[in-house]
**Student:** 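Please find one structure pasted underneath; my questions will follow.
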Amino acid sequence: MIIIHARMSVKPEKKEEFLQEIEAVMEGSRAEAGNNSYDLFQDPKDANSFVMVENWKDMEAVQAHNTSSHFQKFSAAAKEMLSAPLAADVYQGEKLN
């Protein structure tokens with residue numbers, strides 16, 4: 001299992017556009033074969049900061065996602081919407097019970 005935390009700081013004037021664009025990415029990503037979950041969370045202390053928490057079957061699924069048309073389209077558009085480069089942490093492991 002691969003878990004990714006992608007942190008994004010959005011320009012305040014681009015927030016509504018960002019939320020519209022990210023909705024399409026979430027829908028497309030959740031439909032991918034290797035996706036277990038793909039959820040966006042807003043920082044309660046900063047309304048323009050978000051984290052996407054992604055859970056993938058394996059690295060092959062992540063690589064397929066990174067080349068998907070919906071992700072590529074969002075990545076290109078995000079450059080204009082983000083106030084800082086996207087920061088991602090990648091974790092590999094299994095659930096601990």
Side-chain angles (χ1 to χ4, degrees):
M1 166 178 24
I2 304 296
I3 300 165
I4 300 173
H5 293 175
R7 294 179 310 283
M8 297 166 278
S9 295
V10 179
K11 295 175 184 174
E13 68 275 13
K14 297 286 188 174
K15 184 177 170 186
E16 290 307 314
E17 180 183 354
F18 168 81
L19 292 172
Q20 289 177 349
E21 293 287 336
I22 202 84
E23 193 66 39
V25 166
M26 291 169 52
E27 184 178 325
S29 300
R30 289 173 178 159
E32 292 180 48
N35 181 261
N36 297 323
S37 64
Y38 202 91
D39 297 300
L40 183 69
F41 299 92
Q42 184 177 34
D43 185 332
K45 296 178 185 172
D46 181 353
N48 296 308
S49 291
F50 298 86
V51 63
M52 183 68 72
V53 178
E54 309 171 30
N55 185 309
W56 298 94
K57 178 182 174 186
D58 52 31
M59 279 307 290
E60 289 176 355
V62 173
Q63 291 167 346
H65 168 67
N66 289 342
T67 60
S68 68
S69 60
H70 55 270
F71 182 75
Q72 291 293 315
K73 179 179 180 276
F74 174 76
S75 294
K79 292 174 185 171
E80 297 297 319
M81 295 182 281
L82 300 182
S83 59
L86 182 144
D89 294 317
V90 179
Y91 304 93
Q92 182 171 350
E94 299 298 322
K95 282 186 182 180
L96 301 175
N97 292 330

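For this chain, numbers begin at 1 and follow the sequence in order.
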**Student:** Salt bridge or not for R7 and D43, using N-O below 4.0 Å?
**Tutor:**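 No salt bridge links R7 with D43.
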**Student:** Mind checking whether V53 and F41 have side chains closer than 4.5 Å, heavy atoms only?
**Tutor:**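 V53 reaches F41 side chain to side chain.
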**Student:** Does the S83 side chain pair with the main chain of S9, one donor and one acceptor, at a distance under 3.5 Å?
**Tutor:**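 Answer holds: yes.
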**Student:** Is there a continuous path of hydrophobic side-chain contacts, each under 4.5 Å between heavy atoms, that joins M1 to W56?
**Tutor:**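 No, M1 and W56 fall in different hydrophobic clusters.
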**Student:** In this structure, would I3 and Y38 fall into the same cluster of hydrophobic residues linked by side-chain contacts under 4.5 Å?
**Tutor:**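 As far as the 4.5 Å side-chain criterion goes, Y38 and I3 are not connected within one cluster.
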**Student:** If you count the non-hydrogen atoms of other residues, nucleotides and ligands that lie under 6.0 Å from CD in E17, is the total more than 12?
**Tutor:**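 For E17, atom CD is crowded (more than 12 foreign heavy atoms under 6.0 Å).
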**Student:** Any side-chain to backbone donor/acceptor pair from Q42 onto A47? Under 3.5 Å, distance only.
**Tutor:**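 Checked: pair present.
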**Student:** Just by modelled atom types, is the E80 backbone N or O under 3.5 Å from a matching donor or acceptor in the K11 side chain?
**Tutor:**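 Answer holds: yes.
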**Student:** So, E21 versus H70: side-chain donor-acceptor pair below 3.5 Å or not?
**Tutor:**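 No, no side-chain donor-acceptor contact under 3.5 Å.
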**Student:** Take N55 and I2 through the side-chain contact (heavy atoms from CB on, under 4.5 Å) test and state the conclusion after the steps.
**Tutor:** CA-CA 6 Å; N55 185 309; I2 304 296; over 6 Å; no
**Student:** Is it true that M26 and V51 fall in one hydrophobic cluster, defined by side-chain heavy atoms closer than 4.5 Å?
**Tutor:**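 No, M26 and V51 fall in different hydrophobic clusters.
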**Student:** Parallel, tilted or perpendicular for F50 and F18, by the 30°/60° rule?
**Tutor:**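 Because their plane-to-plane angle lies in the 30° to 60° range, the rings of F50 and F18 count as tilted.
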**Student:** Return yes when atom NZ of K73 has more than 12 non-hydrogen atoms of other residues, nucleotides or ligands closer than 6.0 Å, and no otherwise.
**Tutor:**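 At most 12 heavy atoms, drawn from other residues, nucleotides or ligands, come within 6.0 Å of this atom.
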